[in-house]
Amino acid sequence: GTFRAEPGAVREEQCLACPLGTFNGAEGAVQCEMCPVGSYVTLLANDADGLGTSLGGEACIDCPAGRQSTESGNVLCHACS
């Protein structure tokens, strides 16, 4: 996902990738959202492996069974031990 907080953009390159741990899947975004505890940031809303992405996240989804995320803004879910 990308966003643009400042007005006056004239090129798509002026939109910025969502930072680590945040996501946005909507067009015309002015900010990215933090992914909450128990979930992870990924590029695909149907991702199911628990391994996400570090920049430009477009979705925040629950960790799959057998994996966990104890902090908000995680980009992967760790295996339960």
Side-chain angles (χ1 to χ4, degrees):
T2 60
F3 74 104
R4 175 73 183 176
E6 302 294 324
V10 295
R11 296 184 319 273
E12 188 167 338
E13 295 80 32
Q14 291 176 289
C15 295
L16 306 172
C18 288
L20 180 67
T22 66
F23 71 100
N24 191 317
E27 289 186 23
V30 296
Q31 65 182 16
C32 297
E33 303 294 326
M34 181 68 69
C35 202
V37 172
S39 58
Y40 68 106
V41 177
T42 183
L43 292 175
L44 305 170
N46 62 354
D47 189 354
D49 63 5
L51 306 174
T53 186
S54 57
L55 294 175
E58 294 186 6
C60 177
I61 58 176
D62 290 342
C63 291
R67 295 186 166 272
Q68 48 83 26
S69 162
T70 59
E71 298 178 15
S72 60
N74 275 332
V75 296
L76 62 92
C77 299
H78 299 280
C80 296
S81 54

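Atoms considered below: every heavy atom in the structure, side chains included; atoms not considered: hydrogens, waters and symmetry mates.
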side-chain contact (heavy atoms from CB on, under 4.5 Å) with V10: which of Q14, E13, E12?
-> Q14
Is there side-chain contact between [X] and [Y], with heavy atoms separated by less than 4.5 Å?
X   : Y   : result
Q68 : C80 : yes
I61 : Y40 : yes
S72 : C35 : no

CZ/R4 to CD/Q31 distance, rounded to the nearest 0.5 angstrom?
->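 R4 CZ to Q31 CD: 15.0 Å, rounded to 0.5 Å.
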About how many Å separate OG1 of T2 and CD of E58, when rounded to the nearest 0.5 Å?
-> 8.0 Å
Would you mind listing the cluster partners of L76? Hydrophobic ones only (ILVMFWY), side-chain contacts under 4.5 Å, chaining allowed.
-> L51
Run through the side-chain heavy atoms of Ile, Leu, Val, Met, Phe, Trp and Tyr, join any pair under 4.5 Å, and report what else lands in V41's cluster.
-> L20, F23, V75
Non-neighbouring partners of L44 that pass side chain to side chain contact (heavy atoms under 4.5 Å, CB included), sequence neighbours left out |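 Testing L44 for side chain to side chain contact (heavy atoms under 4.5 Å, CB included), a comparison that skips the adjacent residues, returns N46, D47.
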I'd like to know if the side chain of [X] reaches the main chain of [Y], judged simply by a donor and an acceptor atom lying under 3.5 Å from each other, with no hydrogens or angles considered.
X   : Y   : result
R67 : C77 : yes
S69 : S39 : yes
N74 : G21 : no

